[in-house]
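Naming: A, B, ... by sequence-line order, numbering from 1 per chain.
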Amino acid sequence: MRCEECNNLLEELIDGELNEQASRSVTAHLASCAPCAGLHQRLLAEHEIYSSYERDIEVTPILWTRIQERISSEPVRRSSIKTGGTFLNRLFGAPRLSFSVAAALVVFTAITTVATIRLLERRNVSTVPSEIADTHTSDEGAAEDTQTPSPKPDPRENELPSAQVPAAVKIKHTAPPLKATPDQLVRDAEQKYVTAIAILAKDVQKRRDQLDPVMLTQLDLALTQIDRTIADTKKAMRENNNDPNALQYLLAAYSRKYEVLNELADY
Amino acid sequence: MKRQMIDAMSLDGRRKTRAGALMNSSVDLIARARRGDDDAFRLIFDRYARPVSSFIYDIVGQREQAEELTQKTFVRAYRNLKGLRDEQRLSTWLFGIAKNVARESIRTTIKDRMKVAIDDHPLVELSDDRPTPDGTLLNNELNRIIHDAIGDLDEDKRLVFSLKVLHQKSYEDIAEITGFSIPKVKTDLHRARAEMRRRIRPYLDTSAAS
């Protein structure tokens, strides 16, 4: 090893950043080169001086008290961390949330729930009557041939008075005709989500400069992943004839995006 | 070594009583703190307050300001605990937040004040005064020289010098904390050392002579 090369590596040697082989080469050179060994000694002496540097810094108990006061003054956040946070609690407890955002959230939450319930009901309505029809019109052997994946109903149900007829059957006869298709319901819920998300995103964007860069990077990553999930679930819904499971995932993804942005808005 | 040991320990008053609790791993402490366990976050504070505070002091150069920014750092850390992905790198994460807090502060209000403070104390000229043989005075004077020399480094060099020389962070960690590339870390560190060397040279000579 040449002296110049050795000198270039001395600081890294002292810093403990050289790999084993380089470290061995430098050490071997130092053992045989007095000028380089002298420089190494001077750097070590310098290092020693820095090691003796003492700042006039004391971490006093009052510092923790102040921190505790600051974090204790965030009851909503603390509550949400402790309990997992209810959706509404976070929604209405966040001081920076505007009324429009809160209202939008309530609306789309309600629509999401209704949409999901109706979809599930529609599934029941479309399956149960065919099963009942089978039991009314066919003999026992024909009933066993039914292709429906639902469990075979108890034949005694057909003998119940009308007040005890299963709910799904009653809905078929008493509920108003369901005009909205699942696709429309999804679009409706999606629109509400998108509106709420847009309001929050605008709020976050305004204060982007005030946010921690590390957190911003993580936020962008999280939002990218969520957007990808949304795109994937939409695709799955299209390919699987509005599969209710895909719908659940889609709405969950929107909900997650809302939560992420809400956290930032609350920050 | 002494500083490293102190950094790893809790605050002196609670060191003994909390010794058992300090055996908690960072992963455990973070998990508990995320669930709202104040004691866990207190332990994190106890463990890292001093190194974080010292680092901030290196960057802003003022004790009161360092204390205020340390407070801000831990409050911000608390708020962002969910955002910490690798719990094993808690220290690096905290230093990253501290760096951001310190830099933001410098950008907004402190920079001018620091400059005035440095101008008010032209300690460079004091290097003409040879260090006294008295150990305490020598240390005090040396501390002041190092403090002011660090303050005179530009911000990037100050960061890497503090993180490497005073906090023994690896190049990789420094790159993660600062967002610099490793070659830049090395270059800035080399230049920072050269600038610092010029300032402490009289003490180096004394040290070599003794």
Side-chain angles (χ1 to χ4, degrees), chain A residues 8 10-12 14-17 38 41-74 77-85 209-219 221-222 260 263-264 266-267, chain B residues 1-3 11 13-14 33-38 41-42 45-46 49-50 53-54 56-58 63 66-67 70-72 74-76 78-83 85 93 96-97 100-101 104 139 142-143 146-147 150 161 164-166 168 170-171 179 186 189-190 193 196-197 200 203-204 207-208:
Chain A
N8 287 337
L10 281 179
E11 286 182 2
E12 287 183 52
I14 290 170
D15 287 341
E17 297 279 354
Q41 284 304 313
R42 284 195 293 279
L43 288 176
L44 284 176
E46 186 182 310
H47 199 70
E48 190 62 29
I49 280 186
Y50 296 135
S51 299
S52 68
Y53 173 51
E54 288 177 5
R55 290 86 141 185
D56 191 14
I57 282 285
E58 194 178 341
V59 179
T60 57
I62 193 77
L63 181 57
W64 168 252
T65 307
R66 286 186 195 144
I67 291 170
Q68 201 171 26
E69 282 170 5
R70 289 277 300 275
I71 60 182
S72 297
S73 66
E74 300 173 9
R77 182 175 294 278
R78 287 168 65 78
S79 168
S80 70
I81 290 170
K82 278 183 179 176
T83 62
D209 292 342
Q210 301 164 21
L211 299 173
D212 179 46
V214 177
M215 191 171 65
L216 275 176
T217 308
Q218 289 169 348
L219 164 74
L221 270 174
V260 170
E263 284 290 324
L264 265 291
D266 193 24
Y267 179 73
Chain B
M1 179 61 76
K2 181 185 166 191
R3 186 178 57 249
L11 297 177
R14 287 177 293 279
R34 279 173 173 159
R35 290 195 296 268
D37 182 341
D38 284 348
F41 191 70
R42 169 65 175 270
F45 171 81
D46 285 354
R50 188 175 176 81
S53 186
S54 302
I56 293 174
Y57 177 70
D58 293 338
R63 188 175 53 191
E67 189 170 322
T70 301
Q71 177 186 327
K72 197 171 178 182
F74 278 93
V75 170
R76 192 176 288 190
Y78 179 83
R79 287 173 174 165
N80 290 289
L81 271 175
K82 284 180 184 173
R85 300 237 169 140
W93 183 71
I97 295 174
N100 289 338
V101 167
E104 286 163 17
N139 283 343
L142 189 54
N143 281 337
I146 293 173
H147 170 261
I150 292 170
F161 182 83
K164 182 70 230 183
V165 178
L166 306 178
Q168 294 82 40
S170 69
Y171 291 166
K186 287 183 185 178
L189 184 58
H190 178 73
R193 277 181 160 133
M196 292 294 292
R197 194 171 297 132
I200 65 164
Y203 296 87
L204 276 173
S207 175

Nearest 0.5 angstrom please: [X] [atom1] to [Y] [atom2], how far?
{"X": "Ile49(A)", "Y": "Arg197(B)", "atom1": "CD1", "atom2": "CZ", "result": "11.5 Å"}
{"X": "Leu166(B)", "Y": "Ser51(A)", "atom1": "CG", "atom2": "OG", "result": "8.5 Å"}
{"X": "Lys164(B)", "Y": "Ile14(A)", "atom1": "NZ", "atom2": "CD1", "result": "11.0 Å"}
{"X": "Ile71(A)", "Y": "Gln71(B)", "atom1": "CD1", "atom2": "CD", "result": "10.5 Å"}
{"X": "Arg193(B)", "Y": "Tyr50(A)", "atom1": "CZ", "atom2": "OH", "result": "8.0 Å"}
{"X": "Phe74(B)", "Y": "Gln68(A)", "atom1": "CZ", "atom2": "CD", "result": "14.0 Å"}

Answer yes or no: is there a side-chain heavy-atom contact under 4.5 Å between [X] and [Y]?
{"X": "Ile150(B)", "Y": "Tyr53(A)", "result": "yes"}
{"X": "His147(B)", "Y": "Arg55(A)", "result": "no"}
{"X": "Leu142(B)", "Y": "Glu54(A)", "result": "no"}
{"X": "Asp15(A)", "Y": "Tyr171(B)", "result": "yes"}

Inspect the contact between Lys186(B) and Glu12(A) and indicate whether a charged nitrogen and a carboxylate oxygen are less than 4.0 angstrom apart.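 A salt bridge is present here (some side-chain N lies under 4.0 Å from a carboxylate O).
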Top of Lys72(B), Arg63(B), Met196(B) for chain A proximity - count of heavy-atom pairs under 4.5 angstrom: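 That would be Arg63(B).
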Just to verify, what does Arg66(A) make a salt bridge (Lys or Arg N to Asp or Glu O under 4.0 Å) with, not counting sequence neighbours? Glu67(B)
Where on Ile56(B) is there a heavy atom nearer than 4.5 Å to chain A: the side chain, the backbone, both, or neither?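 Answer is neither: Ile56(B) stays 4.5 Å or more from chain A.
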Go through the structure and list residues passing side chain to side chain contact (heavy atoms under 4.5 Å, CB included) with His190(B), not counting sequence neighbours.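 Applying side chain to side chain contact (heavy atoms under 4.5 Å, CB included) to His190(B) gives Glu11(A).
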Name the region of Leu44(A), side chain, backbone, both or neither, that has any atom closer than 4.5 Å to a heavy atom of chain B.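 Neither part.
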Check the pair Thr70(B), Ile67(A) against side chain to side chain contact (heavy atoms under 4.5 Å, CB included), reporting the backbone distance first and the verdict last. CA-CA 9 Å; Thr70(B) 301; Ile67(A) 291 170; 5.6 Å; no
